[in-house]
Amino acid sequence: GVYTVVLESGELLKASLRGRLKLEQRPGDQVVIGDRVRVAGDGGAYTIEEIFPRETAITRSRFGGRSVKVLVANADRMLLVVAAARPKTRRDLIDRLLVVAESGGVAPIIVVNKMDLQGALAVAEELGGVYEPLGYEVLRVSALTGEGLDRFGEKICQGIAALAGPSGVGKSSLVNAFEPEHRLRTGELSRKRGTGRHTTVNASLIQLRCGGLVADTPGFSDVGLWGVRRSELDSCFPEFRPLLEGCRFRGCSHLHEPNCAVRAALDKGTIDSDRYESYRAMLEGSDP
Ligand code: GDP
Ligand code: ZN
């Protein structure tokens, strides 16, 4: 129940949540990392008096998708880290995380780590071929050799960046390679999830010396639609957006309705079939 608050001066203080705010909280509304708050106090005890409206939110649903939990508030961008190999890149997972970013108003950037491994170039080129035309930047990096770390740094040294992606792809290694003084044990970021047996570890933002704040978000490796409503799913696919007006039926699911502009584009090959497959899988596994 105690939170660390960074003041505009850079000073850190501990604050508890004002009782009234506790009462007002509904599931999904708890104060989370990245929240902007107003604190009051007199040098001894501080309380969080107000939580300001969130500009962006990275969410996931919990317990089978009934309630939505905000993991990080006000993130400026999501660095979606994948490995070129070890572990093998999963396109479906990339698409799910892109949807989470799109739905929360967070700009996603795909970071392909482990570019030092054999075959990495072909993987990075394939990912670039699919995602760059959609407007997503695809960075190539290696925590091992330092390749691309300057550009990675540009993305984490300003505002709040959320690191997302499966465990083992090198998220901790990248932060370490960029600012070794943090000396995160590899795997440390993902252990902060609070899942598993040791649930007492708290979520936190890492303050980098370069000025950025970095949040870890879980690997999202389990199924579920993480707080994205069915009706908004299609608009989380940038390549679908210009087509949506062209479907004959309002609320077209783009699965089986006649005169569907999305499926027409799929047939013509202007929409990537794996992206469409990700859409279908998410829609069918989603909550109403
Ligand atoms: P995280 O779970 O995403 O935080 O991943 P870690 O940072 O713990 O890294 C997982 C494993 O990948 C560790 O054994 C790292 O040494 C290794 N690793 C991380 N980055 C690279 C890289 O750029 N190249 C290679 N070859 N291995 C890496
Ligand atoms: Zn349609």
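Numbering of ligands and ligand atoms starts at 1, following listing order.
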Would Lys14 and Thr4 count as a side-chain hydrogen bond (donor to acceptor under 3.5 Å, both in side chains) if you check the C-alpha gap in whole Å, the side-chain angles of each, and the deciding distance to 0.1 Å?
CA-CA 5 Å; Lys14 300 277 184 203; Thr4 305; 3.0 Å; yes
Identify which one of Ile58, Ile160, Val100 satisfies the side chain to side chain contact (heavy atoms under 4.5 Å, CB included) criterion when paired with Val106.
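Of the listed options, the one satisfying the test is Ile58.
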Can you tell if the side chain of Val82 reaches within under 4.5 Å of the side chain of Asn113, non-hydrogen atoms only?
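A side-chain contact under 4.5 Å is absent here.
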May I ask you to check if ligand 1 and Gly170 share an N or O to N or O distance below 3.5 Å?
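Yes, Gly170 has an N/O under 3.5 Å of an N/O on ligand 1.
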Is there a nitrogen or oxygen of Ser167 sitting under 3.5 Å from a nitrogen or oxygen of ligand 1?
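Not met; the criterion fails.
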Would you call the rings of Phe240 and Phe237 parallel, tilted or perpendicular if under 30° counts as parallel and over 60° as perpendicular?
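Phe240 vs Phe237 ring planes: parallel.
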Give the name of the N/O/S atom in His254 that lies closest to the Zn ion (ligand 2).
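Per the distance ranking, His254 contributes ND1 as its closest N/O/S atom to the Zn ion (ligand 2).
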Identify, by atom number and element, the atoms of ligand 1 in contact range of Ser142, meaning under 4.0 Å from any of its heavy atoms.
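The atoms of ligand 1 under 4.0 Å from a heavy atom of Ser142 are 23 (O).
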Going by the atom numbers of ligand 1, which of them fall below 4.0 Å from some non-hydrogen atom of Leu144?
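Per the distance check, 22 (C), 23 (O), 24 (N), 26 (N).
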Whether Arg263 and Glu257 form a salt bridge (side-chain N of Lys/Arg under 4.0 Å from carboxylate O of Asp/Glu) is what I want to check.
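Here Glu257 does not pair with Arg263 in a salt bridge, since their nearest N and O are not under 4.0 Å apart.
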Would you sort out whether Asp116 and Ser142 count as a side-chain hydrogen bond (donor to acceptor under 3.5 Å, both in side chains), showing the intermediate values?
CA-CA 6 Å; Asp116 55 282; Ser142 167; 2.8 Å; yes
Using a 4.0 Å heavy-atom cut-off, say whether [X] meets ligand 1 through its side chain, its backbone, both or neither.
{"X": "Asp116", "value": "side chain"}
{"X": "Asn113", "value": "side chain"}
{"X": "Leu117", "value": "side chain"}

Does the side chain of Asp272 pick up a donor-acceptor pair with the side chain of Tyr131 at under 3.5 Å?
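Their side chains do not contain a donor-acceptor pair, so the 3.5 Å distance test is not met.
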Angle subtended at the Zn ion (ligand 2) by SG of Cys260 and SG of Cys247, to 10 degrees?
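Here the angle at the metal atom is close to 110°, to 10°.
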